[in-house]
Amino acid sequence: MAEERAQQQGKPADGTESHDPDFPEAFLAFMRQGWRDTELPVGPRPEVPNHAKRRAALAEAFPGETLVIPTGTEKVRANDTDHRFRPGSDFAYLTGDLEPDSVLVLRPGGEATLFMRPRSSRATDEFFRSRHGELWVGRRPTLKEKSTELGLPTADLTELDAALAELAPGRTRVLRGFDARVDAAIRPYDGARAEGQPGRDRELAIAISELKLVKDEWEIAQLQEACDATVRGFEDVARALPADRGVSERLLEGVFALRARHDGNDVGYGSIVGAGEHATILHWVHNHGATRPGELLLMDMGVENRNLYTADVTRVLPVDGRFTPLQRQVYDAVYAAQQAGIDVIKPGVAFREVHLTAMRVLAEALKDLGLLPVSVDEAMDPASTVYRRWTLHGTSHMLGLDVHDCANARKETYRDGPLGEGYVLTVEPGLYFQPEDELVPEELRGIGVRIEDDILVTADGPVNLSAGLPRRSDEVETWLAEQREAGPRLPG
């Protein structure tokens, strides 16, 4: 399988590159001697019991069956360079392992084995010749070290072929789409397809997503850590944002990215930095514009922490430090909608109710602006929803290891289902007046406002994990002035 995977990626199976030199035997012999062996000082991670509980719950959902969950492989960026590897979220949720190529095999009763690429042995030249060798990419854990760290039995990745060949198709499910060689090794049993997954395998993806809906205490701490780092990132950006001249959106994107890489793993998604009319483009990730005093700056950004849990926060700042009366009117309407949505959150409330509550407030604001062609009740009617011309998107999505977490959950469990204690969701209403929209007054065109926070559902009410950033318009102005007064800083 290793050879086939390498061939599929257009790379030699031994991990060498086409431009590598032909080494003389004298050099090879010299490189093979004189190396001191070392052991990594690893111990069990504190979250090991959490991962074990998740695997047990998943195995219980499919009694008598074997479940195969790959993390995925490195992806080519250009020629012989790869993108930075990011593990598959479901695999990370079940194992805590962050290395590429690994595959979890979960057998009936919950017995699990992690197949992984072990340390490059000094018995071969891989350690200094291969692109996987530790002189090139650093020391990989041994099978024993990884097993100790994760509390999980491990096996060499070279043994995976034989292990997969022994599995009965009718008693095996695969999380597909992450590792082409695993997909090919275990053919779909039923042939039925649903949204890109064979029917039985689709049920596995659904089960994992629905387990992820409820965050345990450790996961909530990870999300809080990601939100706290995101607050620091927004502070960094505010300190680098001049009030009296324009700067590149990409400069601000880069300032936040520095914080994300220093305090976490990376940004959780492509940062949206929309100055002026770019704020009306929901997924503006080109970030090649510039700020202008007198205009608004919308930033949708989140830090992914080192265990891959991500924040997702949006703030809108007046570049020169003060909202104009019209900007404030739009901003305050969005704030009121967001607060209304947050206020209804509690266990048992329909997920959709958060959206509808926030949207009614926005519809009323649009009516006050003279934009709705019908009454608020008519606009909110499912047969109409004309207010959505200026709101466009839903108010919430689940948050966790993915910025849009639990995406494979069933509609009746997620979108049409009730909120449960331990859920974490965003609340992010917005109003967007496109520059070309002739149904709005000229002075509104090009204004976009979205306010987004990350909310934990508890029995005692909603908890705002990103509350470290102000939301009210007057508080935003005060906060921005304080950040500018403090001046730029480097993460430390």
Side-chain angles (χ1 to χ4, degrees), residues 50 53-54 56-58 60-61 89-90 93 203 205-224 226-227 302 309-314 334-364 376-377 379-383 385 387-388 391 393-430 450-467 471:
N50 302 65
K53 288 179 182 177
R54 297 169 197 168
L58 185 62
E60 187 178 350
S89 296
D90 292 347
Y93 175 76
E203 292 171 359
I206 289 170
I208 299 174
S209 268
E210 294 185 358
L211 282 174
K212 289 164 67 180
L213 283 167
V214 177
K215 271 59 179 180
D216 60 34
E217 290 185 7
W218 180 82
E219 289 182 287
I220 292 167
Q222 300 307 303
L223 285 165
Q224 185 65 72
C227 287
Y309 286 81
T310 186
D312 183 7
V313 177
T314 305
V334 175
Y335 168 77
Q338 190 204 29
Q339 188 60 53
I342 293 173
D343 287 343
V344 302
I345 291 177
K346 62 181 179 180
V349 167
F351 173 81
R352 192 181 295 272
E353 186 64 23
V354 181
H355 171 74
L356 293 175
T357 300
M359 289 302 102
R360 176 164 285 275
V361 175
L362 290 186
E364 291 169 350
V376 171
D377 286 341
M380 293 296 297
D381 190 311
T385 70
Y387 69 90
R388 295 196 69 152
T391 67
H393 57 80
T395 304
S396 299
H397 58 77
M398 297 300 170
L399 188 69
L401 280 165
D402 290 317
V403 68
H404 293 154
D405 207 33
C406 311
N408 287 310
R410 291 167 295 173
K411 183 179 177 181
E412 59 269 26
T413 305
Y414 180 171
R415 196 175 75 178
D416 291 343
L419 297 177
E421 189 172 355
Y423 285 25
V424 177
L425 67 157
T426 65
V427 181
E428 50 174 314
R450 178 167 66 254
I451 309 172
E452 178 181 17
D453 285 275
D454 304 337
I455 309 299
L456 168 66
V457 183
T458 79
D460 298 323
V463 174
N464 187 350
L465 301 179
S466 47
R471 295 186 294 130

Q: Quick one: list whatever passes salt bridge (Lys or Arg N to Asp or Glu O under 4.0 Å) with D216, sequence neighbours left out.
A: R54
Q: Please report the closest heavy-atom contact between Y423 and L213, naming both atoms and the distance.
A: CD1-O, 3.3 Å
Q) Can S89 and D402 be counted as having a side-chain donor-acceptor contact under 3.5 angstrom? A) yes
Q | Contact check, side chains of E452 and V313, non-hydrogen atoms, under 4.5 Å | A | no
**Q.** L465 vs I455 side-chain heavy atoms within contact, under 4.5 Å
**A.** no
(Q) Test your reading of the model: is there a side-chain donor-acceptor pair from Y93 to the backbone of L211, 3.5 Å cut-off? (A) yes
(Q) So does V427 get a backbone contact from the side chain of Q338, meaning a donor-acceptor N/O pair under 3.5 Å? (A) yes
**Q.** Whether over 12 other heavy atoms sit under 6.0 Å from E412 CD
**A.** yes
Q | Side-chain heavy atoms of R450 within contact of V334, under 4.5 Å | A | no
Q) Quick one: do the D312 and T310 side chains pair a donor with an acceptor below 3.5 Å? A) no
Q | Exam field: side chain H397 to backbone V403, donor-acceptor pair closer than 3.5 Å | A | yes
Q. Take atom CD in E60; do more than 12 heavy atoms of anything else shown fall under 6.0 Å from it?
A. no
(Q) Restricting to non-hydrogen atoms, name the atom on I342 and the atom on P462 that form the minimum distance, rounded to 0.1 Å. (A) O-CG, 3.4 Å
(Q) Looking at every non-hydrogen atom in both residues, tell me the closest pair between F351 and R415 and how far apart they are. (A) CD2-O, 3.5 Å
Q.
Looking at T357 and E353, would you say the former's side chain and the latter's main chain have a donor-acceptor pair under 3.5 Å?
A. yes
Q) Salt bridge check: are D460 and K346 linked by an N-O gap of less than 4.0 Å? A) no
Q | Residues T314 and E428: side-chain donor-acceptor under 3.5 angstrom | A | no
